[in-house]
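Heads up: numbering here begins at 1 and tracks the sequence.
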Amino acid sequence: MIRTAFAAATLLLAAAPAIAQTEQEALETRHDRALAAGYKALMLCGAIANAEANGATRTPESVAQWELTGIQAPMSAHIADLPYTIVRRPTGQIAHVAVRWAEDMPARIAAYYGPQTGCAILPIGAPEDASDPEQAVAVAPPAVAATPARPAAATTRRGKALDAVLAAALGETYGKGRTTAVLVDRYDTKGAPGERRERYAPGFDGRTPQRTFSVAKSIAATLVGAAVLSGEFSVEDPVALGYWARSGSVDMRNAITIDHALRMATGRYSDTPGNRTDALYYGGSSVDETATAWPVLHKPGTVFRYANNDTLLAVKAIQKWIDFYPPHEFFAKLGMTGTVAETDYKGTYVLSSQVWSTAPDLAKLGQLYLNDGVLPSGERVLPEEWVKYVTTPSGPQPPTGTFGYGAGFWLLNKEGGVPSDTFAAVGNRGQYVVIVPSRKVVIVRRGEDPVGTGFDVAAFTRDVLAALAAE
């Protein structure tokens with residue numbers, strides 16, 4: 001009897017790892033579905049609500065075709081099958097998007113808080129009525145008055161070469177990605193707008209905002225520059241989060257500066273490199289919960305590690321300035337009226353990725369850098385030599401690849417046929433704002449590139465500049 005019981009216990013212990021593995025797989029699948037539902041809710045909300053606020057139209061079918069296909073695993077395995085509901089206020093404005101993912105849990109909710117801050121994903125388990133205190137009902141989307149798009153430059157014999165390059169960008173000449181917009185602005189020697197050429201995929205135009213992904217990091221660096229111009233901050237200031245400071249000299253994180261954060265050199269650990277801050281972006285956690293608590297593994301300023309959390313840390317360092325001068329006011333000053341910086345559910349801006357913008361608005365960001373931080377009106381909004389600061393690779397550099405890194409911007413200074421002063425804001429799924437000061441040119445490419453594909457922005461830039469030189 002004892003021997004039988006012992007044998008049974010031995011078998012149970014032997015099976016325990018397999019049981020634990022099965023339980024863990026089930027748990028991970030459940031978590032993946034929750035994240036996929038958050039992704040779907042936020043993309044539907046952001047794409048449709050921000051477009052409508054800017055006088056454009058996006059449909060759920062369009063979002064499914066572009067934003068919700070070709071996404072990263074493991075969410076890609078679940079997202080198409082998750083049912084959703086778009087709930088609108090009696091005025092017709094979106095209140096929230098609900099996506100069901102589990103029978104025993106509330107739907108994932110992305111709530112729309114208006115044209116200044118767009119949509120926010122609520123925590124997993126948030127009740128649907130938590131998103132909108134006003135009465136909301138399911139109604140048809142509001143009618144959107146047609147706004148004439150800015151006319152493209154007339155095609156001349158000299159302009160045909162550039163038109164051919166832009167047409168090629170909408171195909172597969174530069175890769176298997178999916179281009180939604182290409183725009184080229186050329187300015188005169190005084191920085192005044194000159195000729196613009198732009199092309200769009202069907203269903204997109206100059207009023208259509210798309211998520212910028214990591215182009216937002218360059219926007220964050222721009223906001224840091226504006227804060228530095230105010231005189232209240234320096235890039236050499238420590239980030240100085242209160243709960244770090246309370247630990248005193250024993251915590252090396254107190255040595256992290258704003259400059260370290262902008263250069264991806266805080267030396268901190270994070271669970272995944274690059275752009276996978278899923279708990280914040282789609283899980284419904286907050287910036288404070290996600291980005292600030294990671295420990296230091298390297299002396300700050302010595303190792304490059306591309307991380308969303310570093311950009312979020314730089315923004316946290318200027319939080320008091322952002323509270324006084326929120327992003328939408330800065331965008332308005334630049335004329336970026338179709339750009340929206342979104343927040344977490346606590347109201348903290350997610351300026352590492354969660355910004356929606358149009359191609360013409362991103363061209364205005366590029367123009368600001370061509371003009372060394374001075375608006376067409378003559379008002380300076382960035383410090384003198386801020387362009388030099390963000391394009392100087394003074395920090396540790398990426399270990400692989402041909403692009404260098406400055407402070408919030410990538411450097412195309414090693415590409416054959418591309419001027420060495422070229423730099424760019426770069427985002428996931430093929431977002432590019434390329435700035436060529438020596439040629440007074442800004443190039444914008446928007447896309448929804450599927451995972452595993454890409455767009456050769458260096459070759460595109462080379463061909464654009466060659467076509468302009470031939471005119």
Please say whether more than 12 non-hydrogen atoms of neighbouring residues, nucleotides or ligands are located less than 6.0 Å from CD in Gln65. yes
Go through Asn428 and Ser214 one step at a time and tell me if the side-chain hydrogen bond (donor to acceptor under 3.5 Å, both in side chains) criterion holds. CA-CA 6 Å; Asn428 190 30; Ser214 287; over 6 Å; no
Would you call Val215 and Leu362 a side-chain contact if the rule is heavy atoms closer than 4.5 Å? yes
Within a 6.0 Å radius of atom CD on Glu385, are there more than 12 heavy atoms belonging to other residues, nucleotides or ligands? no
Testing Asn308, Thr212, Thr311 for side chain to side chain donor-acceptor pair (under 3.5 Å) with Lys217, which one passes? Asn308
So, do Ile48 and Pro60 sit near enough that their side-chain heavy atoms are less than 4.5 Å apart? yes
Closer than 3.5 angstrom, by distance alone: can the side chain of Lys40 be matched with the main-chain N or O of Ile79 as a donor-acceptor pair? yes
Return yes if some donor-acceptor pair links the side-chain N/O of Arg439 with the main-chain N/O of Val441 below 3.5 Å, else return no. no
Do Thr339 and Asp361 meet the criterion of a side-chain donor-acceptor pair at a distance under 3.5 Å? yes
What's the spacing between Ser438 OG and Leu465 CG if we round to 0.5 Å? 8.0 Å
Validation row: Phe455, Asp449 side chains within 4.5 angstrom (heavy atoms): yes
Indicate the atoms forming the closest heavy-atom contact of Pro327 with Ile322, along with that distance. CD-CG2, 4.1 Å
Whether Thr461 side chain and Val457 backbone form a donor-acceptor pair below 3.5 Å: yes
Ring-plane angle category for Phe409 and Phe423, please: parallel below 30°, perpendicular beyond 60°, tilted otherwise. perpendicular
Set out, in order, the CA-CA distance, both residues' side-chain angles and the distance that settles side-chain hydrogen bond (donor to acceptor under 3.5 Å, both in side chains) for Asp259 and Tyr389, then state yes or no. CA-CA 10 Å; Asp259 180 69; Tyr389 167 72; 2.6 Å; yes
Geometric class of the Phe460/Tyr174 ring pair [parallel <30°, tilted 30-60°, perpendicular >60°]: perpendicular
Less than 4.5 Å apart, side chain to side chain, heavy atoms only: is that true for Tyr281 and Ser352? yes
Trp410 versus Pro398, closest heavy-atom pair with distance: CZ3-CG, 3.8 Å
Salt bridge or not between Asp185 and Arg197? Use side-chain N to carboxylate O under 4.0 Å. no
Is any NZ, NE, NH1 or NH2 atom of the basic residue among Glu471 and Arg186 found under 4.0 Å from an Asp or Glu carboxylate oxygen of the other? yes
Could you go through the side chain to side chain contact (heavy atoms under 4.5 Å, CB included) check for Glu379 and Lys333 one step at a time? CA-CA 10 Å; Glu379 179 184 359; Lys333 181 167 286 191; 2.9 Å; yes
Would you indicate whether the side-chain heavy atoms of Thr348 and Gln319 approach each other to under 4.5 Å? yes
Less than 4.5 Å apart, any side-chain heavy atom of Thr266 and any of Trp294? no
With rounding to the nearest 0.5 Å, note down the distance linking CG in Leu68 to OG in Ser76. 11.5 Å
Check Arg58 with Glu52, please: is the shortest side-chain N to carboxylate O separation under 4.0 Å? no
List the atom of Ala201, the atom of Trp66, and the distance in Å for their closest heavy-atom pair. CB-CH2, 4.2 Å
Rounded to the nearest 0.5 Å, what separates atom CZ in Arg88 from atom OH in Tyr112? 10.5 Å
Would you say Asn371's side chain and Leu368's backbone share a donor-acceptor pair under 3.5 angstrom? no
Nearest 0.5 Å please: distance from the CG atom of Leu365 over to the CD1 atom of Ile219. 6.0 Å
Take Ile435 and Val387 through the test side chain to side chain contact (heavy atoms under 4.5 Å, CB included) and record every step on the way to the result. CA-CA 11 Å; Ile435 303 160; Val387 175; over 6 Å; no
Using a 3.5 Å distance criterion without hydrogens, assess whether the side chain of Thr179 forms a donor-acceptor pair with backbone atoms of Ala181. no
Do Arg211 and Leu42 come within less than 4.5 Å of each other through their side chains, counting heavy atoms only? yes
Side chain to side chain contact (heavy atoms under 4.5 Å, CB included) between Val287 and Val350: does it pass, once the steps are laid out? CA-CA 7 Å; Val287 171; Val350 187; 4.3 Å; yes
Which is it for Lys388 and Asp372 under the salt bridge (charged side-chain N to carboxylate O under 4.0 Å, His left out) test, yes or no, and what are the steps along the way? CA-CA 9 Å; Lys388 181 179 179 181; Asp372 192 36; over 6 Å; no
SB check Glu448 Arg429 (cutoff 4.0 Å): yes
Is any side-chain heavy atom of Ser394 closer than 4.5 Å to a side-chain heavy atom of Arg263? yes
Search all heavy atoms of Tyr369 against all heavy atoms of Val390 and return the closest pair with its distance. CE2-CG2, 3.9 Å
Within this structure, what is the CG-CG distance for the pair Asn413 and Asp421, rounded to the nearest 0.5 Å? 9.5 Å
Smallest heavy-atom separation, Ile86 atom then Val97 atom, equals CG1-CG2, 4.2 Å
Just by modelled atom types, is the Leu280 backbone N or O under 3.5 Å from a matching donor or acceptor in the Thr277 side chain? no
Side chain to side chain contact (heavy atoms under 4.5 Å, CB included) evaluation trace for Thr208 with Thr358: CA-CA 6 Å; Thr208 309; Thr358 64; 5.7 Å; no
Can a donor-acceptor pair be found, under 3.5 Å and without considering hydrogens, that links the side chain of Thr422 to the backbone of Pro419? yes
Would you name the heavy atoms of Met252 and Val296 that are closest together and state the gap between them? SD-CG1, 3.9 Å
If only atom types and distance count, is the side chain of Arg253 paired as donor or acceptor with the main-chain N or O of Arg268 below 3.5 Å? no
Can you say whether the rings of Tyr282 and Tyr39 are parallel (under 30°), tilted (30 to 60°) or perpendicular (over 60°)? tilted
Could you tell me if Glu342 and Asn50 have a donor-acceptor pair between their side chains, going purely by distance under 3.5 Å? yes
Relative to each other, are the rings of Trp321 and Tyr325 parallel, tilted or perpendicular (30° and 60° limits)? perpendicular
N-O pairing of Arg305 and Asp310 below 4.0 Å: no
From Gln210 atom CD to Met43 atom CE, the distance as rounded to the nearest 0.5 Å: 10.5 Å
Gly430 backbone acceptor or donor facing Arg446 side chain under 3.5 Å: no
Under 3.5 Å, is there a donor on one side chain and an acceptor on the other for Thr343 and Thr117? no
Please answer whether the main-chain N or O of Leu170 pairs with a side-chain N or O of Arg199 as donor and acceptor at a distance below 3.5 Å. no
